[in-house]
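As structure tokens, the structure follows; a few thoughts come after it.
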Amino acid sequence: MKRKLVLEKVYNPKLVEKKIYQFWEKSKLFNPDHLPKRHKRPYSIVIPPPNVTGELHIGHALNATCQDILIRWKRMKGFKTLWLPGTDHAGIATQYVVEKQLKKENLTRFDLGKEKFIERVWQWVKKCRKIILEQFKKLGCSLDWSRTRFTLDKEYSQAVKKAFFYYYKKGLIYKGKRPINWCPRCQTSLSDLEIEYKKEEGKLWYIKYPFAKNENSFLIVATTRPETIFGDTALAVNPKDKRYKELVKKKIFLSLPLIEREIPLIEDSAVDPDFGTGVLKITPAHDLRDYEISLKHHLPLIEVIDKEGKMIQVPADYQGLTVWEAREKIVKDLEKLGLLVKVEDYQVSIPKCYRCQTSTEILPSEQWFLKMKDLAQMAKKAVSSGMVKFIPKRWEKIYFDWLSSGKDWCISRQIWWGHKIPLRGREEVLDTWFSSALWPFAALGWPKKSKDLRRFYPTDVLSTDRGIINLWVARMIFSGMEFLKKVPFRKVFIHPTVLTKEGKRMSKSLGTGIDPSLLIEKYGADATRWGIVWQMMGGQDIKFVEDNIVMGQKFCNKIWNASRFVLPQVQDSKFKIPRKFKLKAFKLTLADKLILKALKKTILFVDKSLEDFQFGRAVRSLYNFFWHDFCDIYIEKSKSQLKDNATRETTKKVLIYVLLTSLKLLHPFIPFITEQIYLQLPIFGKKKSLMIENWPE
RNA sequence: GGGUGAGUAGCUCAGCGGUAGAGCACUGCACUCACAUUGCAGGGGUCACAGGUUCAAAUCCUGUCUCACCCACCA
């Protein structure tokens with residue numbers, strides 16, 4: 001009674017992957033509630049919800065693959081596994097994407113009005129979300145789709161409100177007017193973490209500030225921003241600077257060029273005596289350090305730049321100019337007056353909006369803030385005490401450094417897309433990270449006391465990118481501790497960053513990104529996963545090359561063909577392989593013993609590597625075992641053993657045993673092909689799916 | 001200015017104290033018995049540079065250079 005085998009000579013992922021994914025979805029085994037009884041202890045991961053700003057890139061594919069490997073591995077080990085999918089509304093980022101689309105139609109969000117604009121964003125979000133979730137499926141992710149969440153869905157809003165009022169009542173949220181980062185294009189405040197500094201070639205202008213009582217004497221100030229001169233309310237020198245000691249004692253006043261307002265000369269240790277002339281102009285409204293100094297010395301605050309980035313409260317000639325126009329004009333005017341001493345080339349760090357790359361301004365504005373002192377303290381403790389572990393450990397430093405900086409978090413944004421601040425009369429929204437910070441428990445149903453929350457919180461692992469350790473990870477940790485009294489995850493795996501072959505950042509705008517869908521299309525999902533993981537050797541960057549995916553493709557083909565050899569040998573429908581292969585239980589040849597020993601070693605190594613998040617090592621040992629030990633050596637040897645009556649039966653058993661065990665070990669990494677072959681194995685005692693087979697011991 | 005990581009075969013990387021390895025690419029031979037997305041054989045490297053420690057260094061120490069990425073209130 002022979003069964004027909006339907007294995008093509010060459011493995012074709014296109015004929016397999018879609019079908020297998022449908023089979024999995026139908027089996028409902030992604031859902032922990034439908035796992036067999038043996039799966040008791042919970043193991044959970046919530047996916048870092050991708051922003052609904054476009055398609056997934058290869059970094060997402062890498063991260064998703066890592067998580068799927070962990071989930072599939074733990075599932076086979078008998079855990080009640082939940083991998084929860086979702087997407088992030090990504091406030092300012094998504095709004096910007098839609099604004100860019102409008103721009104192509106020569107429209108702005110103000111042309112549409114708020115209501116129409118939000119409608120438009122939703123249209124985009126629905127489309128985008130579908131594509132993203134579809135991409136995860138193509139990659140083979142065993143996500144529980146019945147629990148999919150979005151950070152702006154109705155239940156999630158309840159969590160955000162609850163969190164806001166909790167902080168508010170506790171006195172941690174306060175309203176205040178102070179200088180903040182402002183993006184003139186997005187028309188919103190930004191937190192410090194949402195600013196990127198870019199080095200640019202600028203100038204350093206040396207400007208004379210005449211004494212108020214004696215126009216022939218003056219101090220020289222070096223500045224990179226002459227246009228803020230109108231907002232100056234003092235000049236400052238370092239108290240240790242002997243050059244200016246006498247003048248400070250005399251309490252002299254300077255006359256501000258162009259408008260002749262009198263300003264004092266003060267001392268402050270924040271001034272670097274070695275920079276320029278050692279004299280600093282203090283512009284409290286438009287510089288954070290100047291603002292700090294002004295508080296100490298009770299200096300007034302004069303705003304001269306408005307939210308559009310234009311000059312205000314300045315002489316008529318300047319009124320309404322952009323800062324760039326004003327700068328040019330001021331320099332010319334100072335030169336005419338003989339107040340410009342010299343100009344030097346100087347490299348400056350320009351603050352940019354992290355979403356639209358527009359130069360931002362510092363300006364005083366009324367915003368909502370979250371007091372960080374106690375929360376930061378708590379977050380630090382979570383890691384220093386070992387309740388949360390970073391892998392690799394070196395990233396903990398980044399985390400601690402930021403938490404020690406101790407600034408309050410500006411949580412209000414003046415954009416339209418996001419969670420409304422839940423207070424009367426307010427038209428602002430919350431920083432998108434305020435809602436992201438609640439993700440590990442809000443996604444599980446909080447503030448309801450849900451069954452999922454009880455079972456799956458805290459989660460086991462957070463796998464994410466190093467770029468958002470402070471923006472997101474730190475905030476999730478203190479949020480979890482504040483609201484649930486427990487850390488949100490026990491391990492933070494910081495995966496390597498995928499760069500181009502040239503070592504450059506992958507970027508959509510530069511056209512250097514690589515679309516994982518194209519790789520899946522060309523090589524199959526398994527090959528893509530295998531190739532990506534192959535490169536994960538613990539460094540902080542991966543320079544992506546397609547070569548490894550070619551190798552993944554060849555490897556899949558090898559597995560396929562090894563199976564094509566083994567399966568016909570065991571066509572007997574009554575064949576049953578032993579659960580465990582005890583070396584002494586059968587009459588084994590030397591070759592048999594060697595392959596079984598090598599297999600045993602591989603099992604241990606893969607297990608240990610996965611415990612340590614050493615995905616690359618695991619994959620390499622599997623490759624060497626399967627290709628060289630099994631195919632090159634054992635299968636070749638088995639050909640003669642199968643011809644010999646004395647060894648035939650045992651050889652068959654060893655062949656199928658090693659194949660099956662290999663499929664189990666390989667399944668977390670390359671789930672499609674292994675499942676496809678598993679389903680065709682002519683053996684007794686099979687499970688419904690390889691997904692829930694017992695992990696080899 | 002501070003920090004992190006990296007510089008090993010043409011390319012991407014492993015090795016991290018004891019005679020230089022993998023994948024891809026390349027050269028030669030072999031399509032009858034799982035697989036030519038294969039098998040066998042082969043070429044190719046003063047392990048960034050300079051010192052030092054050691055019987056022994058790609059591997060440890062010191063310094064230098066180059067690259068990448070973070071962080072920072074040099075106006």
Side-chain angles (χ1 to χ4, degrees), chain A residues 5 7-12 179 192-193 195-197 202 204-205 221-226 228 232 235-236 270-283 286-293 346-349 351 362 392 394-399 401-402 404-405 407 466-467 469-470 494 496-497 499-505 523-524 527 530-531 534-569 616-617 619-620 623-624 627-628 630-632 635-636 638-639 642-643 655 659:
Chain A
L5 284 176
L7 294 185
E8 307 281 331
K9 199 167 177 181
V10 172
Y11 175 60
N12 183 352
D192 292 335
L193 291 175
I195 297 293
E196 286 172 0
Y197 289 88
L204 193 56
W205 286 274
V221 176
T223 180
T224 56
R225 297 206 63 186
T228 60
D232 289 357
L235 293 188
V271 181
D272 176 3
D274 296 327
F275 186 91
T277 57
V279 186
L280 172 67
K281 69 195 237 358
I282 305 294
T283 320
H286 302 294
D287 185 285
L288 289 177
R289 188 189 41 186
D290 291 2
Y291 177 72
E292 294 300 323
I293 293 174
Y346 187 71
Q347 201 183 45
V348 281
S349 290
I362 301 286
R394 60 172 178 267
W395 298 109
E396 289 181 3
K397 193 175 168 351
I398 304 256
Y399 177 85
D401 284 353
W402 180 70
S404 303
S405 69
K407 270 196 189 170
R466 64 172 184 247
I469 289 174
N470 298 324
I494 302 296
T497 301
L499 304 175
T500 66
K501 193 177 172 184
E502 290 73 31
K504 301 287 177 199
R505 200 183 188 85
Y523 303 101
W530 187 265
W534 184 270
Q535 283 202 282
M536 289 186 56
M537 292 302 293
Q540 60 181 10
D541 296 329
I542 288 176
K543 287 186 204 165
F544 180 79
V545 282
E546 217 164 296
D547 296 351
N548 296 304
I549 296 181
V550 171
M551 182 261 295
Q553 186 188 28
K554 290 182 179 180
F555 185 53
C556 287
N557 198 241
K558 192 71 177 175
I559 296 168
W560 189 253
N561 280 294
S563 306
R564 284 183 63 232
F565 172 78
V566 175
L567 263 54
Q569 311 300 330
R617 282 174 199 268
V619 146
R620 279 156 205 250
Y623 180 92
N624 286 329
W627 199 303
H628 300 123
F630 187 48
C631 294
D632 290 349
I635 287 186
E636 288 312 314
S638 76
K639 287 172 186 172
L642 286 166
K643 282 177 191 154
L655 277 172
L659 177 65

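Just so it is clear: chains get the letters A, B, ... in the order the sequence lines come, proteins before strands, and each one is counted from 1.
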Nearest-0.5 Å distance, [atom1] of residue [X] to [atom2] of residue [Y]:
X        : Y        : atom1 : atom2 : result
A:Asn557 : A:Lys9   : CG    : NZ    : 11.0 Å
A:His286 : A:Arg225 : NE2   : CZ    : 8.5 Å
A:Ile549 : A:Lys554 : CD1   : NZ    : 14.0 Å
A:Lys639 : A:Gln569 : NZ    : CD    : 9.5 Å

For [N] versus [M], give the span between their [atom1] atoms, rounded off to a whole number of Å.
N     : M     : atom1 : value
B:U59 : B:A6  : C1'   : 16 Å
B:C16 : B:G21 : P     : 14 Å
B:A22 : B:C35 : P     : 26 Å
B:C65 : B:A9  : C1'   : 23 Å
B:U37 : B:C31 : P     : 16 Å
B:C13 : B:A56 : P     : 33 Å
B:C40 : B:G5  : C1'   : 40 Å
B:U12 : B:C29 : C1'   : 29 Å

For [X], which contact category applies under a 4.0 Å heavy-atom criterion: base, sugar-phosphate, or nothing?
X        : answer
A:Gln347 : nothing
A:Trp627 : sugar-phosphate
A:Asn624 : nothing
A:Leu280 : base
A:Gln540 : base
A:Phe544 : nothing
A:Ile635 : base
A:Gly539 : nothing
A:Asp401 : nothing

field: No-H, no-angle donor-acceptor pair, A:Glu636 side chain to B:A34 base, under 3.5 Å
entry: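 Indeed there is one.
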Counter-base of [N], judged by Watson-Crick or G-U geometry with both distances under 3.5 Å:
N     : result
B:U54 : none
B:C69 : B:G3
B:A36 : none
B:G23 : B:C11
B:A48 : B:U64

Heavy atoms from C-beta onward define the side chain here; which of [options] lies closest to that of [X]?
X        : options             : result
A:Asp632 : B:C13, B:C40, B:A75 : B:C40
A:Asn561 : B:U12, B:A34, B:A14 : B:A34
A:Val348 : B:A75, B:U12, B:U4  : B:A75
A:Lys9   : B:C35, B:A14, B:U12 : B:C35
A:Asp547 : B:A75, B:G23, B:G39 : B:G23
A:Val10  : B:U37, B:C24, B:G39 : B:U37
A:Asn557 : B:C13, B:C24, B:C35 : B:C35

Identified side chain to side chain contact (heavy atoms under 4.5 Å, CB included) counterpart of A:Ile362 within the set A:Asp290, A:Thr283, A:Thr228, A:Leu288: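 Passing option: A:Leu288.
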Using a cut-off of less than 4.0 Å, is there contact between a side-chain N or O of [X] and OP1 or OP2 of [N]?
X        : N     : answer
A:Lys281 : B:A75 : no
A:Tyr346 : B:C74 : no
A:Lys558 : B:G39 : yes
A:Lys554 : B:A25 : yes
A:Arg620 : B:G21 : no
A:Trp395 : B:C69 : no
A:Lys639 : B:A34 : yes
A:Arg505 : B:C70 : yes

- request: Would you please classify the geometry between the A:Tyr623 ring and the A:Trp534 ring as parallel, tilted or perpendicular, with 30° and 60° separating the classes?
  value: perpendicular
- prompt: Parallel, tilted or perpendicular for A:Tyr346 and A:Phe275, by the 30°/60° rule?
  reply: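 Perpendicular, since the angle between the ring planes exceeds 60°.
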statement: On RNA chain B, more 5' by nearest nucleotide between A:Gly538 and A:Cys631 is A:Gly538
Along RNA chain B (nearest heavy atom to each residue), the more 5'-positioned of A:Val566 and A:Leu499: A:Val566
message: Between A:Lys501 and A:Asp547 (salt bridge meaning N to carboxylate O under 4.0 Å), is one present in this structure?
response: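 Answer for the salt bridge query: no.
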